[in-house]
Engineer: 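Just passing along the structure, written as structure tokens.
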Amino acid sequence: MSEAASNSDDLKYHHGFGNHFESEAHPGTLPQGRNNPRIVPHGLYTEQLSGTAFTAPRSENRRSWLYRVQPSVSGTSNSFHPCGSAASTATVPAAESLPETFGRSDWSNDMELDPNPMRWGATPLAAAPSSPDPDNNDINFLQGIHTLLGSGDPTCKSGIGIYVYACNSNMSSSGDDNDVSTTTDMHMYNSDGDFLIVPQQMNLFIQTEMGRVTVMPGEICVIPRGIVFTVNLMDNDKKEEKFDLMGNDNEEEKFARGYILEIFRGHFQLPELGQLVPMDVNLMDNDKKEEKFARGYILEIFRGHFQLPELGPIGSNGLANARDFLHPSAWYESDKSIANKTCTIVNKFGQQLFARRSPHSPYNVVAWHGNYLPFKYDLRKFCAINSVTYDHPDPSIYTVLTAKGGDEDGTALADFVIFPPRIMATDENTFRPPWFHRNIMTEFMGLIYGEYDAKQKKSGAAGGFVPGGASLHSIMTPHGPDSENYFANVKNPCDKPTKFEGGLAFMFESSAMCKVSTYALECEQREKDYASCWDGFRGTFPKLHM
């Protein structure tokens, strides 16, 4: 595994959603009273980044003003070349390790319609697309992305893409790593849409033009279209972050705490070994020797931006509260030996990858102000709403973020929905897991940790809906609880509230009909007998299921 990101303990964030913020990493660099002065403070350059059309309604208009050491146009005489082309390999050596298309799938050839319900096990760490060094098993975030499904066309700004990632190395070297060559530092931006990243395993350190964020499993990060970013892996040995499943306050004062045992006679010593089994016997058989790597999910929208859902009759509070969204503070690469280091810029453009060399770091924004920014959110802060009388409500009550773009009012291009730890307090005749369903929307589900209440895995059983895995129920494809869990819950008297805290599942829901990639259909972790989980249902009419 590559050297992990450093200097991340002191990060500060701006709180809010859709707000206009301002930030400067060096005092006095933010112009006052105007956006584009003739003489910019401290010799910086002014650049506007527009996330919507100039004439978009004011409530939806997104743009930020950046004040940078060098403008983005500097170095663009080094042209972009398609990854995989001879020109790209000759001029940008790092591009040789990248696939020609984002997510290793050509949407014109590698995608097909399939209405069957599908489920996948946890995404494994795959080999790099291509590498000049066959012994190099390092895979960075961009190399480790696989397309699962998608719809539409980013060139027409319509549709979505859903991906999984698995990686074990950084996209760029940290400031104190002098062993990485100048051609391996890799940064990217997405011309096609916005990314919503859902880590499932291992913490991420994401550097963007507007600043830096750390994201761990149980949090999400959104990187809007056009913003340059780099994903590195957190070193959990250097910076341990505990994910308290039911905790709320990460900002309380830090202090040391522990225990002491004192003995008034003798000294501590090792115990006798007695009749122990030999050391080479693996009693636990628990994958401790398995290589650590980061894993997660990505939802991409080709149109619009993510926003908070309307609350309607819920009122003015609840679900994901605006104050809990965090935006980075300005940060720039102040070490000139790194700031002026040659690096690779990768552009996702029409699902293809293009690469060019840059003579300087893209992280040279010293100050900024605006409302077009990356952000993160801690899913533990979600305020769940639920029924306290009868029936299981629609899962839309668990919507964290939504993206407009459906062809009808109230129909989203994409929703990000979670199923968090929560209390279900319905009456004694309510079936508490989700009901059987056929939906006008596409439902893609993932599991961050634990288990999902409608697909609880039987102890010792193979397969199942596991952390790092996923399931797909396409438009009008029947789905629901498996037979074992259904009958177990029919027998549940439901005579008291149930506190579900056994896992954290999520759903990418879209009005788009999606095609499935060749990788998704043929990968080893696909459970081809998934639909057999419903084979146990038999007609008992007119007798009760009990």
Side-chain angles (χ1 to χ4, degrees), residues 17-21 47-57 59-66 68 71-73 76 80 101-103 107 141-142 145 147 150-163 165 171 186-198 206-211 213 215 220-231 297-308 325 327-328 345-356 362-363 365 368-377 401-405 412-416 508 510 512:
F17 191 93
N19 304 44
H20 189 289
F21 300 105
E47 179 177 293
Q48 183 176 201
L49 177 62
S50 295
T52 55
F54 294 140
T55 53
S59 62
E60 299 177 6
N61 207 297
R62 297 289 181 266
R63 62 91 175 93
S64 287
W65 286 93
L66 315 179
R68 52 198 322 155
S72 296
V73 295
T76 53
F80 276 113
T101 54
F102 184 79
W107 283 33
F141 176 80
L142 185 51
I145 295 173
T147 302
S151 175
D153 184 351
T155 64
C156 299
K157 292 188 176 179
S158 67
I160 65 165
I162 294 178
Y163 318 88
Y165 70 85
M171 287 178 63
M186 192 177 294
H187 319 288
M188 79 164 291
Y189 66 95
N190 182 3
S191 295
D192 292 344
D194 291 12
F195 283 143
L196 189 157
I197 301 172
V198 185
I206 303 179
Q207 188 163 315
T208 76
E209 292 179 272
M210 282 77 166
V213 298
V215 193
I220 60 170
C221 180
V222 171
I223 302 177
R225 184 194 306 257
I227 294 177
V228 180
F229 69 96
T230 302
V231 178
Y297 313 83
I298 303 171
L299 168 63
E300 181 182 16
I301 54 172
F302 301 142
R303 185 180 187 87
H305 302 291
F306 290 103
Q307 49 190 271
L308 294 177
F325 289 83
H327 305 260
I345 305 293
V346 181
N347 181 8
K348 179 180 181 291
F349 193 83
Q351 285 299 110
Q352 290 184 254
L353 292 180
F354 295 79
R356 70 171 177 86
Y363 306 120
V365 177
W368 55 260
H369 73 85
N371 60 1
Y372 190 56
L373 307 163
F375 59 84
K376 76 169 191 171
Y377 175 72
L401 292 169
T402 186
K404 294 180 179 179
L413 170 63
D415 288 325
F416 174 62
F508 297 151
S510 175

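Since we're looking at a predicted model, the values are computed, not measured.
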Engineer: So, for Phe306 and Ala403, which heavy atoms are closest and what is the spacing to 0.1 Å?
Structural biologist: CD2-CB, 4.3 Å

Engineer: Looking at every heavy atom in both Val365 and Leu66, which two are closest together, and how far apart are they?
Structural biologist: CG1-CB, 4.1 Å

Engineer: Evaluate the criterion side-chain contact (heavy atoms from CB on, under 4.5 Å) for residue pair Leu196 and Val198; output intermediate values, then yes/no.
Structural biologist: CA-CA 7 Å; Leu196 189 157; Val198 185; 3.4 Å; yes

Engineer: Of all heavy-atom pairs between Val215 and Cys221, which one has the smallest distance, and what is that distance?
Structural biologist: CG2-CB, 3.7 Å

Engineer: Any sub-3.5 Å donor-acceptor pair from Asp192's side-chain atoms to Gln351's backbone N or O?
Structural biologist: yes

Engineer: Name all residues meeting the side-chain hydrogen bond (donor to acceptor under 3.5 Å, both in side chains) criterion together with His327; count only those two or more places apart in sequence or in a different chain, and write none if there are none.
Structural biologist: none

Engineer: Answer yes or no: is there a side-chain heavy-atom contact under 4.5 Å between Lys348 and Asn190?
Structural biologist: yes

Engineer: Under a 4.5 Å cut-off applied to non-hydrogen side-chain atoms, are His369 and Phe21 in contact?
Structural biologist: no

Engineer: Quick check: do Val228 and Tyr363 have side-chain heavy atoms less than 4.5 Å from each other?
Structural biologist: yes

Engineer: Heavy atoms, side chains only, cut-off 4.5 Å: are Leu49 and Met210 in contact?
Structural biologist: yes

Engineer: Under a plain distance cut-off of 3.5 Å, with no hydrogens placed, do Thr402 and Asp415 share a side-chain donor-acceptor pair?
Structural biologist: yes

Engineer: Which is it for Asp153 and Trp107 under the side-chain contact (heavy atoms from CB on, under 4.5 Å) test, yes or no, and what are the steps along the way?
Structural biologist: CA-CA 9 Å; Asp153 184 351; Trp107 283 33; over 6 Å; no

Engineer: Can you tell me how far apart CD1 (Ile220) and NZ (Lys376) are? Round to the nearest 0.5 Å.
Structural biologist: 11.0 Å

Engineer: Go through the steps to decide whether Val222 and Phe325 satisfy the test side-chain contact (heavy atoms from CB on, under 4.5 Å), and finish with yes or no.
Structural biologist: CA-CA 10 Å; Val222 171; Phe325 289 83; over 6 Å; no

Engineer: Would you say the side-chain atoms of Ser64 pair up with the backbone N or O of Tyr372, donor to acceptor, closer than 3.5 Å?
Structural biologist: yes

Engineer: What distance separates Thr230 OG1 from Leu142 CG, expressed to the nearest 0.5 Å?
Structural biologist: 10.0 Å

Engineer: Is the shortest side-chain heavy-atom distance between Phe302 and Leu413 below 4.5 Å?
Structural biologist: no

Engineer: Hey, do the aromatic rings of Phe195 and Phe102 have their centres closer than 6.0 Å?
Structural biologist: yes

Engineer: If you count heavy atoms of other groups shown closer than 6.0 angstrom to CZ of Arg62, is the number above 12?
Structural biologist: yes

Engineer: Would a 4.5 Å heavy-atom cut-off, applied to side chains only, mark Leu401 and Tyr377 as touching?
Structural biologist: no

Engineer: Tell me the closest heavy-atom pair linking Ala56 and Asn61, and the distance in Å.
Structural biologist: O-ND2, 3.2 Å

Engineer: So which heavy atom on Leu299 is nearest to which on Ala414, and how close?
Structural biologist: CD2-CB, 4.1 Å

Engineer: Check the pair Ile197 / Phe141 against side-chain contact (heavy atoms from CB on, under 4.5 Å), numbers first and verdict last.
Structural biologist: CA-CA 11 Å; Ile197 301 172; Phe141 176 80; 4.1 Å; yes

Engineer: Is there a side-chain contact between Glu209 and Trp368, using heavy atoms and a 4.5 Å cut-off?
Structural biologist: no

Engineer: State whether Phe80 and Arg356 meet the cation-pi test: NZ (Lys) or CZ (Arg) under 6.0 Å from the six-membered ring centroid, and within 45° of the perpendicular axis.
Structural biologist: yes

Engineer: Working to the nearest 0.5 angstrom, can you tell me the gap between Arg303 CZ and Ile160 CD1?
Structural biologist: 14.5 Å

Engineer: Are the side chains of Arg63 and His20 in touch, meaning some heavy atoms are under 4.5 Å apart?
Structural biologist: yes

Engineer: Would you name the heavy atoms of Thr208 and Pro374 that are closest together and state the gap between them?
Structural biologist: OG1-CG, 3.6 Å

Engineer: Would you say the side chains of Glu60 and Thr52 form a donor-acceptor pair under 3.5 Å?
Structural biologist: no

Engineer: For Phe508 and Phe416, take the angle between the two ring planes, folded into 0 to 90°, and tell me which bin it lands in: parallel under 30, tilted 30 to 60, perpendicular over 60.
Structural biologist: tilted

